Trainee: 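Okay, here's the structure, questions in a sec.
Quantities reported herein were computed from a predicted structural model and do not represent experimental measurements. Residues take their numbers from the sequence shown, with the count starting at 1.
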Amino acid sequence: MSKQSGRGRVVGLPAWDRCAVMGVVNVTPDSFSDGGRWFDTAAAVKHGLALVAEGADLVDVGGESTRPGATRVDEAEELKRVIPVVRGLASEGVTVSVDTMRASVAAQSLAAGAALVNDVSGGLADPAMIPVVADAGAPFVVMHWRGFLEGGNVKGVYADVVTEVVDELHARVEAVLAGGVSPDRIVVDPGLGFSKDAEHDLVLLAHLDRLLTLGHPLLVAASRKRFLGRVLAADPAAAPPPARERDAATAAVSALAAHAGAWAVRVHEVRATADAVRVARAVEEARAAGNGAEGAQ
């Protein structure tokens with residue numbers, strides 16, 4: 001992993017001197033977080049530009065909800081939702097990531113100006129995905145994934161969640177490398193909330209150092225997820241607060257992830273997280289300066 005402030009750098013993307021902030025634009029009517037708000041192309045592009053103005057370093061555009069129980073959209077519909085938004089944001093100079101499990105959507109998004117492919121299946125959902133990414137020389141996010149969530153929380157049983165996620169991600173990265181994707185263009189993501197309950201997610205966040213041993217930059221996507229709602233609930237029997245009331249908790253996770261060495265965090269509400277990662281970076285710099293002063297004594 002090439003180093004950039006200790007957290008890795010992804011070839012083909014800008015080099016940031018701190019944890020990067022990936023803003024989310026869901027071009028869907030049914031996202032768990034903000035479904036329908038940015039379904040119109042013009043509204044989605046405007047929202048993406050607003051996220052950049054608030055501090056997002058790159059914008060992740062997706063046209064298919066991956067929440068538990070969501071029904072997959074067909075290829076034509078996903079293309080119709082995603083490509084105009086990718087093209088519109090890229091034409092404004094935004095660094096765009098496309099959130100898709102379909103090789104055809106990835107290919108057309110890259111042609112429209114996307115710089116990164118973020119596949120929550122890590123190339124498992126569509127066998128053509130890895131060849132498309134490899135041929136394009138594009139950076140690729142490999143997420144820990146155990147299957148589609150149309151039936152609920154699929155295969156969410158672990159004896160040791162950290163060891164199993166690290167091992168399964170390692171195997172997936174090896175397959176992606178064997179498919180021709182360059183090692184310096186791979187990002188790993190533990191897949192918080194995917195086939196995991198709240199306890200699994202929290203344990204993974206507590207052990208991000210283990211995920212960094214995979215040797216690739218780390219993306220943490222905790223924004224507004226169910227486990228944060230469980231943490232914030234008044235008691236275990238109480239209903240969790242709705243997704244849009246979990247942004248302060250998301251910013252807290254962003255600061256923790258940045259401190260742990262994450263390459264980027266993926267969030268819906270950018271401003272608080274942009275502040276959080278900058279504070280984390282300032283603390284890193286102060287620590288380094290303090291260590292230097294102590295060593296000079």
Side-chain angles (χ1 to χ4, degrees), residues 1-11 13 16 18-22 66 116 118-124 139-147 149 153-178 181-223 225-228 230-231 249-267 273 276-277 280-281 283-284 287-288:
M1 178 169 66
S2 78
K3 296 294 182 181
Q4 181 72 17
S5 299
R7 65 188 74 254
R9 176 170 182 264
V10 182
V11 172
L13 295 176
W16 297 286
R18 52 164 171 74
C19 179
V21 179
M22 176 187 284
T66 53
L116 170 69
N118 179 16
D119 180 355
V120 299
S121 80
L124 286 168
F140 188 50
V141 177
V142 180
M143 197 190 83
H144 177 262
W145 190 73
R146 285 188 170 183
L149 300 182
N153 201 26
V154 178
K155 298 181 182 177
V157 177
Y158 302 86
D160 180 339
V161 67
V162 177
T163 296
E164 290 173 55
V165 168
V166 169
D167 288 348
E168 290 170 28
L169 264 177
H170 175 73
R172 195 69 215 134
V173 167
E174 289 298 304
V176 171
L177 289 169
V181 178
S182 175
D184 56 13
R185 295 175 187 264
I186 292 175
V187 176
V188 294
D189 177 344
L192 300 176
F194 285 79
S195 301
K196 300 170 187 74
D197 60 26
E199 289 73 20
H200 297 141
D201 293 331
L202 290 167
V203 171
L204 285 165
L205 284 173
H207 295 281
L208 294 180
D209 57 321
R210 293 276 303 280
L211 288 150
L212 289 170
T213 65
L214 290 164
H216 296 279
L218 174 66
L219 173 65
V220 175
S223 184
K225 287 190 174 177
R226 289 173 298 165
F227 80 94
L228 293 177
R230 294 298 176 197
V231 170
T250 297
V253 172
S254 296
L256 292 168
H259 178 71
W263 166 75
V265 287
R266 180 183 183 275
V267 297
T273 277
V277 300
R281 177 58 178 152
V283 172
E284 289 175 12
R287 182 182 297 111

Trainee: Which atom names give the shortest non-hydrogen contact between Ala280 and Ala258, and what distance separates them?
Mentor: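 Residues Ala280 and Ala258, closest heavy atoms: CB-CB, 3.8 Å.
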
Trainee: Is the closest side-chain heavy-atom distance between Val188 and Val173 below 4.5 Å?
Mentor: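 Answer yes - side chains close enough.
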
Trainee: Under 4.5 Å between any side-chain heavy atoms of Trp263 and Leu13, yes or no?
Mentor: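 Yes. Closest side-chain heavy atoms under 4.5 Å.
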
Trainee: Using a 3.5 Å distance criterion without hydrogens, assess whether the side chain of Lys196 forms a donor-acceptor pair with backbone atoms of Pro190.
Mentor: yes

Trainee: Run the side-chain contact (heavy atoms from CB on, under 4.5 Å) check on Ser182 and Val11 step by step: do they pass?
Mentor: CA-CA 9 Å; Ser182 175; Val11 172; over 6 Å; no

Trainee: Donor-acceptor check, side chain of Glu164 to backbone of Asp160, threshold 3.5 angstrom: yes or no?
Mentor: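 Such a contact is found between Glu164 side chain and Asp160 backbone.
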
Trainee: Can you find a pair of side-chain heavy atoms, one from Asp201 and one from Leu205, that are under 4.5 Å apart?
Mentor: no

Trainee: His207 and side-chain contact (heavy atoms from CB on, under 4.5 Å): which single residue from Asp209, Leu204, Leu211 fits?
Mentor: Asp209

Trainee: Which word best sums up how the rings of Tyr158 and His200 line up, parallel for under 30°, tilted for 30 to 60°, or perpendicular for over 60°?
Mentor: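 Ring orientation, 0 to 90° scale: perpendicular.
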
Trainee: Among Asp167, Thr163, Leu169, which residue satisfies the side-chain contact (heavy atoms from CB on, under 4.5 Å) criterion with Val165?
Mentor: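 Answer after filtering Asp167, Thr163, Leu169: Leu169.
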
Trainee: Would you confirm whether His170, through its side chain, and Leu214, through its main-chain N or O, come within 3.5 Å as a donor-acceptor pair?
Mentor: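 Here the side-chain-to-backbone pair does not exist.
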
Trainee: Using every non-hydrogen atom in the two residues, find where Ala221 and Leu192 come nearest and quote the distance to one decimal.
Mentor: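 Smallest interatomic distance, heavy atoms only, reads O-CB, 3.9 Å.
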
Trainee: Can we say Arg287 and Glu284 salt-bridge, meaning some charged N sits less than 4.0 Å from an Asp/Glu carboxylate O?
Mentor: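 No, Arg287 and Glu284 are not salt-bridged.
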
Trainee: Backbone N or O of Gly122 within a donor-acceptor pair of the Arg172 side chain at under 3.5 Å?
Mentor: yes

Trainee: Is a donor on one side and an acceptor on the other found under 3.5 Å between the side chain of Arg226 and the backbone of Gly193?
Mentor: yes

Trainee: In the structure I gave you, are the side-chain heavy atoms of Val187 and Pro139 within less than 4.5 Å of one another anywhere?
Mentor: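 They are not in side-chain contact.
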
Trainee: Please lay out, stage by stage, how Ile186 and Val181 fare under the test side-chain contact (heavy atoms from CB on, under 4.5 Å).
Mentor: CA-CA 8 Å; Ile186 292 175; Val181 178; 3.8 Å; yes

